[in-house]
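Positions are given from 1, in the same order as the sequence printed here. Keep in mind the model is a prediction, meaning the values are calculated, not measured.
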Amino acid sequence: MAAVPDFHLPLAPADLLRDGGPGRYMVQEVLSTGELPPALAAFRAAFRARGALAVLQHFDCVYSVLHHFRTVGTAVKEDTLELMMHVVSHHSNELPAILSDSGLSHADRAAHLNALKMNCYLLTGLMNAFEMETCKNSCLEADPGRKNRKNLAKTSGSLWEEEREPLLRLLTQLLQLDLRQLWGRLAMEEEFVSLMTGNCYRILENPSIGLQRYRVTREAVTHLLAAALVHCDHMFSATLKITQMLQHFEHVAPVFAQAVSLWAKEYGLKSMVGELLREIGQKCPQDLAREASGVKGYATFISELAEQIPALVLSNMSVLLPHLDGESYTMRNAILTAMAEVLVQVLEGDQLEEAARATRDKFLDMLQAHVCDIHSFVRSRVLQLFTRIVQHKALPLTQFQSVVSLAVGRLKDKSVIVVKNAIQLLAAFLSNNPFSSKLNWTDLDEPLKKEVQKLQEMKDRRRPTAVAPVTAPEEEWEAMLPEVRAATQQLFQALQEGEEEELEVEETVEGTVEQITGLLKKLNYKSAARLTQKALCRFQGKEPFNGPGEENEEATILGVLKRLYTGSCPGENNEDPPHDNSSDKIEEVQEEEPPAELVKQEMLVQYLQDAYNFSVKITEALNLISKMMYENSVSVVQEAIEFFVTVSQFGVPQALLGVRRMLPLIWSKEPGIKEAVLNAYRQLYLNPTEDSERAKAQSLVHSLSLIMVDASLGTIQCLEEIISEFVQKDEIRPAVTQLLWERFTEKSPCSALERRAAVVLLGMMARGKPEIVGSNLDILVTVGLSEKACEDYRLPQEVCNVISKLASNPKPALEKDSAPFRLPQNHMLFGCLSETVSKGFAQPSSHWIPFMEAAVMLIYQLAEGAEEICADILHVCSQQALEKLQEADEQKADAGDSPSRVSDGAGSLPTFLLLHLVSLVGQVALQQVAYLEVSVSAELRRRRMLKEEKTKKQSDTSTKKQRPQSTGNETIMEEELGLVGATADDTEAELIRSICETELLDGKHLFSAFVPLVLKICNSPGLYSDSALSAAAALALGKFCMISSEFCDSHLRLLFTMMEKSALPGVRSNLIIAAGDLAIRFPNLVEPWTSHLYARLRDPCPSVRQTAGLVMTHLILKDMVKVKGQVSEMAALLIDPEEAIVGVAQNFFGELANKGNAVYNLLPDIISHLSDPNSGIEEESFHTIMRHLFSYITKEKQTESLVEKLCQRFRTARTERQYRDLSHCLTLLPVSERGLHKLQDNYDCFADKLQDPTVYTCFQTVLARFRRAGIKPETKALAEELEQKLSASHNQGLDSTETCQDGSQTPMPVPAKRKPIGSSRRQPLGPVNTDDDFVTPPSRTLRNRKRAQKRPPRKKAIVTFSSDEENSSEDELSAELREEENPTKTTPITRSSGRRLR
């Protein structure tokens, strides 16, 4: 064979066009595109004749195809690729025989080597060209602006994607041959290996390579690289290349992780793992922190690799550990993830060796340390990892308590994602706990104590039975102390001969201690003391020979002797008995339990102790998680709900509280939260484990009945919403409804409580399907309102509530104009109700009033002629009261007593009878007003609209007949009809109002007979001292005031006087509720008394404060009450001792914050009032309030404005406390760059206050926080300038203060006296108020007119601290009464004697 030039693999294709020197191959001619087909045909013919060596003469034609690849036709490209594939395949099949031929000449070997390099160069060049074209077209395909994307993809990518995998397999087959013989058994050229593997890396750079459809391609690439690693020494190059690609191409991390895993498992390339991890470990942590994209690739690779080959990662983990201290949280997450995978897959189980166990514990310690990492993503990731470890049961029992404690601690984390993962971890602990399926710590306490006692008894029995009583070393020392002291005192006398030689100190401290102790035991006290004296000199400062010094040498010696003697005796006592037990006394001591039993008992005690501790921690977590159900984060709320579902399954008693607490979330506006609540109750109650339908129904009814035990009205309403949802979706089976009816009718035996719960559940279901009640109305009436109803009025009360669902959920009407659902007046329901109410009237029962209220409400909701039915009830009950009164008077007359109390009217009646009468009258009055305002008004409107529609139809008919006439009259008529429709509502409302004002309380109406009685009871609290009666009378007065504005106006003074001065919390609470309703019905009348409503927020009784808070919340949020100034009373509730009242205040400000800038507008006034010295708010309490309120200031513009207002407020502040309060408020604001400018602009306002250390510290805090937020270079100068000014003013103030103290006579400014605030905020309620305080204030217009006439205009301060939006003056908003506003004549309320009250 003729010699051919050597083919050197070029760095670039163009290098082959240049002469590389003698003996090197170069391309002679680049063929044009037109010359390529015949040249390729000639190459194909030569290939058939000569085989793979044909490329030596025809290399240029294929090179020309590569040169013109962009312009050449697709058919030529595909033909060339197919031809080269055949050539390389043929050569690959020939090479084994050629390589095994020992007689192969040097020329033939060189020819085959050149042919191999040429063929591989051309084939990989074509592969590279096709790959680049495919990538380019895929990018064009992804571009939405390109057209004909589908055709482009079909023509370019489809063929190559089909051919790519066979080509890769072909190259793999080629590399698996012993090609080094072609190089003379030397190592293959590195360029050739790079040529063969370059396409692999280029293919992996395609972002879509990770898709499932390219799985075969990925596997082919992996095997090709494995062949290069095994046969071609590609390890070093591959390590560098993979590391670079991980840094620049994030998508290759999972691909390389899978590849490295395969290389290690199938090809034995385990060293590759170490090389790659070492390369990553040597990266500079600071560089990784700057390159976020590169870090993601490394992190994903480490995590994926640890998941697939954790044992190999474990052996190389040490090289990665330095990154745990780096700044990149992504790398920390990856390494911690790798540790967790190792713990789950490798270091798990109880059979670990000592070294493996130590490594496991070290990894767990590292994970626990990073639960408190500085970055929230790391904290949350570690909690996720612990969740995985716990779920795989890879956490040792010894670590349970510490990890649970960490998880509970993270529940208070500021990051939402951390809290969410902490809840998930605790749920995983519960689901996978090794202790018990029931984790009630109270149930575990008793067994634990019992087993601990048993263990102690076993230990006691194992001790020697005959042991001499042991005297305590301290007691022995006290006994021998006089002799020792005497011997010590002799040391300071003349020494006797021979003593010096006998007592030599040992070389070591231990030897000397033993020597002294031995002398003491031999009662040789003098020698022991002398030896101690020498040892104190010899071993000065060493234990135990260290004392106070030379001043009291005798005491020092005695102290050392005491320590040595009392310290040696316990050791003696502890060492001797075991020796005796094992030798001399073995026959005397009889062990009742073998050691194995004792070990078993110790393990049992430890197990119970761990279970108890775990249960206590879970209970602690419950209290924290239950408070998270009302967080702003939807995901945290959902996790909290799911957690309580898990906890409930483990019988934790506090779980029921959480299940109840989640009930109000059914009203959430977030669909995810509402659905989570429904799913929780679905899991807890709708999926019982029983087999039969009947058993499932009983389980469901029993569980729901438990929730309703002692449940509040709000809880029952929430549960009703949930059950109605289930009923509407047909998720509650008919067997449940049947069981409830059986319980109600007593066909199924149950307790009275369960029977009432069954009625309540029927009512809840009726809200979803009213026919449940409608079809069984007769049963409800005959059973629920039977003669037995008088035994317990709670059941008929619930029956009334259930029947009322027919009124609130009427059947859908066939026509929109149909009449509302009402029952005839003679229906048996109303007869039974009237009879039951009348019978119970004369019987003392605490449950009659709630039943009566429900019955009266039901009558007005469902009855035709409801007022007549209730009038009859009132008449019958009044008659009973009069009869009782006459009987009492006759008995007194018969007994000869003078009826001294006849003049008191109803004074002789039993208290409960009067209570019933007042309650009945008040309820009927209120329901009558509601009936007129709602039902009658709606019915009038319905009838009017029917009449209008009928008139319109008639007019339409008449206009059709008169079509030729002009349409002008029609337009006028329609306008008139429209005007009538618009004013008709006002006419109807006026009619209802006139009935209430003129008819209901006039002398002809029934109510007028009871008004004097109610007023008498309210005006005579000493005479009618019963608390329940007073509360009922107060409530009845409020209900009467709801009827008429005239009656309300004339009795408001009495109402507010009782609210202020009544000694009964129930009366004050009832009147607050009544006043709230009156403020909505008659706002102009109640408005002057607003300050008295606010005053109840300072009531000494917590229940009254809570009621006042709730009422004021409703009034303020409905804009029925002015909030400026006095809203500080609501803010003061944020520091109330009662948690429920604090919750009311937090809820108020939370709702207020949703109303635009409401909190921002009110903050200046709140700060002004609460920082006032007369407010009674402590400084720490002020800080607590402000922290909560400033949390609602989130807008930057609001922050800037508040900074300016607070700075200006320093000018008008008069006390040091106000300075400190204002500066503290500034620290609560997230000051921005603009805010800093505001501080600079208003510096003069607070410069003179900086001498106060607290004020100065607050401003320093503001600047420090500003710097931590990250500032621009140009802003840094401003911050430094401001800091210098602050420091200068502070130091100047301190200097001037010292000067004043040294003798300066400069008078200090005296703060102006301030008129005390009349409301005396936060002071306890006292009985010193006079009746003049409760004179009805005149209307606002009259007050303004008087103020304008009588007072000259006042000069106002330039700086005002009020909201921007409202400019009304403080005088205008004040509801306090002035002397000129009081009427000249007052009508004092007749009260009983103070002595009688006392």
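- Counting non-hydrogen atoms of other residues, nucleotides and ligands closer than 6.0 Å to CD of Q843 gives a total above 12.
- Contact record, Q928 with Y860: OE1-OH, 2.6 Å, taken as the closest heavy-atom pair.
- For R794 and E798, the salt-bridge test fails: no basic side-chain N is under 4.0 Å from an acidic carboxylate O.
- Note that the CZ atom of R660 and the CG atom of L706 stand 8.5 Å from one another [nearest 0.5 Å].
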Check the pair F912 / H916 against ring-ring contact (aromatic ring centres under 6.0 Å, His included), numbers first and verdict last.
CA-CA 6 Å; F912 81 87; H916 286 186; 5.6 Å; yes
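- A donor-acceptor pair under 3.5 Å is absent between the side-chain atoms of R756 and the main chain of L795, judged by distance alone.
- In terms of heavy-atom proximity, E1087 sits nearest to T1090 at O-OG1, 2.6 Å.
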Start with the C-alpha distance between E746 and R755, add both sets of side-chain angles, then the distance that settles salt bridge (charged side-chain N to carboxylate O under 4.0 Å, His left out), and finish with yes or no.
CA-CA 8 Å; E746 296 185 295; R755 192 179 179 201; 3.7 Å; yes
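- Between E933 and R1081 there is a salt bridge, with a side-chain nitrogen of the basic residue lying less than 4.0 Å from a carboxylate oxygen of the acidic one.
- Within a 6.0 Å sphere centred on NE2 of H875, heavy atoms belonging to other residues, nucleotides or ligands number 12 at most.
- Under the 30°/60° scheme for interplanar angles, the aromatic rings of F1056 and W1089 are found to lie parallel.
- Of the charged side-chain nitrogens involved, none lies within less than 4.0 Å of a carboxylate oxygen, so that D1077 and K1039 do not count as a salt-bridged pair.
- Residues M1059 and L1093 approach most closely at CE-CD2, 4.2 Å, considering heavy atoms.
- A salt bridge is absent between E1060 and R1068; no separation between the charged side-chain nitrogens and carboxylate oxygens falls under 4.0 Å.
- What you find for Q797 and P850 is that their closest heavy atoms are OE1-CB, 3.5 Å.
- Below 30°, between 30° and 60°, or above 60°: for F744 and W741 the angle between ring planes is above 60°, a perpendicular geometry.
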Could you walk me through whether N801 and M857 pass side chain to side chain contact (heavy atoms under 4.5 Å, CB included), step by step?
CA-CA 9 Å; N801 293 334; M857 186 183 296; over 6 Å; no
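- Closest approach of G1076 to V1111, counting heavy atoms only: CA-CG1, 3.7 Å.
- Other residues, nucleotides and ligands contribute at most 12 non-hydrogen atoms within 6.0 Å of the NE2 atom of H702.
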